[in-house]
Amino acid sequence: MTAATEFGAYGGRYVPETLIPALDDLTSKWSELQRDESFRAELNELLTTYAGRPTPLTRAERFAPDKRLYLKREDLLHTGAHKVNNALGQIVLARRLGKHRIVAETGAGQHGVATATVCARFGLECVVYMGEEDMRRQQPNVERMRLMGATVMPVDFGTKTLKEATSEAIRDWIANVGTTHYLIGSCVGPAPYPEIVRELQRVIGDEAREQILAAEGRLPEAVVACVGGGSNAIGIFYGFLDDEDVRIVGVEAAGAASLGTGRAGVLHGARSSVLADEDGQIADAHSISAGLDYPGVGPEHAYLRDIGRVEYVGATDAEALAAFRDLARTEGIIPALEPSHALARARELEEELILVGLSGRGDKDLAEALRHLT
Amino acid sequence: MSKALVVYLMAGPDTPDLAHAAVDGGADTVEIGFPFSDPLADGPVIRRAAERALAQGMRTRQCLDVLARTRERLPGTPLIPMTYSSLLEAYGWERFAEDVAASGGSSMIVADLPAGERPSLRRVQLVAPTSTDERIALAGAETDGWLYLVTIAGTTGARGELSPALPGLVERTRRLVDAPLYAGFGISTPAHARAATELADGIVVGSAALEAAEDGPEALRDFVASLRAVI
């Protein structure tokens, strides 16, 4: 496979040679497991009995009284976000690859917690890289990871956020590739990771499609999700990509709009749309939401943007905070700040029947959000 | 036969002086790092040097100027830019190769562009202890001049001991590749240099050279001479 063939001109494997054989192994094992009924059965059992799938669809009548707006409730999953869908799938994959050590990056801490959780469940060694700035913003998640036996490695250089944490996780993987599986948290990174993460997250969209058909007897007019790296978005979008009449909208943080204001670039092993200067140096992202505070995005989103299938728009910190507060007050649901960006744009759309990916719950964000709301 | 000694420097205003000192000390080839903000293959020493270089404004255009000025000082020494794909993507892949050549570059190394990707971009390829025989053969067929043997599974930077993976990697690669084999990553002392050149045709010294260069051209020349004395 060459660098330019995966998602149009995006994707590829822009990594040091040391990792190529591991990516080849991952590709062939993944392809084998796709055809393996026992893999799907094991994963479905875990998703049902451990993670809490299927998640419900909740109509938000008071939040959007003039619409029929439904929330796909990934916030109700074990660990509080969609990240566990991917973590469970990859831990089953890692075990079948014979790897006994797991390394991961985390921004908001939700992927780190999901990874620590599945490692505890299966008794695997777990090392999570996290920027010092994010450790400060998301201290309860640091404590959760440690409680479950993970080692949290602070990253104290550069932006001290997800970008550097991801680089350090990849460097760890390079040094320990024989024993270690890199459990990447979003649909980013070198091939085949973007595809693996998408396939593990598309359960969100597949379920939601059936659920909204059952509830409304028709497809939604619009599907909206937040996009950082873009894993919950690609997961929910995949249920509707072939339905040409369904408008699909991805919402980025305005200060981290890799798709809205970025350019073609190479970051963390893939060619995608990134925030970078004219020399290809990666720029800093800025968002109140640690989960969206990333200058890159999954390569498939760049492709979906270019072919015009998905629209990508931005929401500001203030708009996300307002939606965060409003959903709490009108529905008794405290969303994470990340999907609050999607809620902010969704309620303004002209469409009436709308599906929104509520990717996680907001407990982790209370301190940060209340600081800005009061 | 004398073994090859490749010294890595991070591009900066003093690169021509430092490169001259390295050649005085016995370096045959100089790699010039074009800094990238997120260098996945590099350990802390080169990463920090890249951060400093970027803070000093060393962008692609400035790095090419440094390359050209170094070429003026050292007309006969191979000079090889080493960088990451993001810079080429932004500058234009072909334009980058053309402008490197026009500025006196002898080849280039792109640390995150493995063999098989963009084969038309002539560059020194890397192989690692994890590489399969098939990939070693591919890298050998595509490489430009010599082949870079990454001695360890890991990032750049000094290590206490020379990697135990090197003998096996050299033996496998000799069977598959005719090009000269230069070992790098983790080579920082005369003892490493001697041991590595008993197996390989040359060595690449990066992080340790950068640390020596922090004390100026004379310190770098003395460090390089201490390696040259034993290989």
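Per chain, numbering begins at 1; letters A, B, ... match sequence-line order. Owing to the predicted nature of the structure, the values given are computational and were not obtained by experimental measurement.
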Checklist line | Verdict with reasoning, Ser86(B) to Gln281(A), per side-chain hydrogen bond (donor to acceptor under 3.5 Å, both in side chains) | finding: CA-CA 7 Å; Ser86(B) 188; Gln281(A) 306 294 339; over 6 Å; no

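- Taking Lys163(A), Arg263(A), Glu278(A) one by one and counting their heavy-atom pairs under 4.5 Å with chain B, the maximum is reached by Lys163(A).
- When heavy atoms are compared at a cutoff of 4.5 Å, Ile170(A) approaches chain B solely by way of its side chain, counted from C-beta outward.
- Atom CD of Glu94(B) sits in a sparse spot, with 12 or fewer heavy atoms from other residues, nucleotides or ligands closer than 6.0 Å.
- Open room surrounds OH on Tyr303(A); 12 or fewer heavy atoms of other groups in view lie less than 6.0 Å from it.
- Between Gly269(A) and Leu40(B), the shortest heavy-atom contact is N-CD1, 4.4 Å.
- The only member of Val15(A), Leu19(A), Val266(A) that meets side-chain contact (heavy atoms from CB on, under 4.5 Å) when paired with Asp112(B) is Val266(A).
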Distance-only check: which donor-acceptor pairs under 3.5 Å involve side-chain atoms of residues 44-51 of chain B, not counting sequence neighbours?
residue	atom	partner	partner atom	Å
Arg47(B)	NH1	Glu51(B)	OE2	3.1

Note to self: Using the rule given for side-chain contact (heavy atoms from CB on, under 4.5 Å), can you reason through Arg61(B) versus Asp279(A), listing the C-alpha separation, both sets of side-chain angles and the distance that settles it, and then say yes or no?
What the structure shows: CA-CA 9 Å; Arg61(B) 188 71 254 163; Asp279(A) 290 301; 5.7 Å; no

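- Only the backbone of Pro35(B) has a heavy atom closer than 4.5 Å to any heavy atom of chain A.
- Taking the salt bridge (Lys or Arg N to Asp or Glu O under 4.0 Å) definition, one finds that Arg122(B) meets it with Asp144(B), sequence neighbours left out.
- Of the possible polar contacts, one joining the Arg171(A) side chain to the Asp42(B) backbone as a donor-acceptor pair under 3.5 Å is found.
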Next item on the list: Report the C-alpha separation of Thr130(B) and Glu17(A) in whole Å, then their side-chain angles, then the decisive distance to 0.1 Å, and conclude whether the side-chain contact (heavy atoms from CB on, under 4.5 Å) test is met.
Entry: CA-CA 8 Å; Thr130(B) 54; Glu17(A) 167 67 21; 5.7 Å; no

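- The candidate from Ala41(B), Ala128(B), Ser85(B) with the greatest count of non-hydrogen atom pairs under 4.5 Å with chain A is Ser85(B).
- Only the backbone of Ala111(B) comes within less than 4.5 Å of a heavy atom of chain A; no side-chain atom from C-beta onward does.
- The heavy-atom pair separating Phe36(B) from Gly280(A) by the smallest distance is CE1-O, 3.3 Å.
- Taking CZ of Arg271(A) as the reference point, atom CD of Glu89(B) lies at 4.0 Å (rounded to 0.5 Å).
- Nearest heavy-atom pair across Thr18(A) and Val150(B) is OG1-CG1, 4.3 Å.
- Proximity to chain A (any heavy atom under 4.5 Å) is shown, for Leu88(B), by neither the backbone nor the side chain.
- Once rounded to the nearest 0.5 Å, the distance linking OG1 of Thr155(B) with CD of Glu168(A) reads 8.0 Å.
- Between the CG atom in Asp38(B) and the OG atom in Ser167(A) there is a gap of 4.5 Å [rounded to 0.5 Å].
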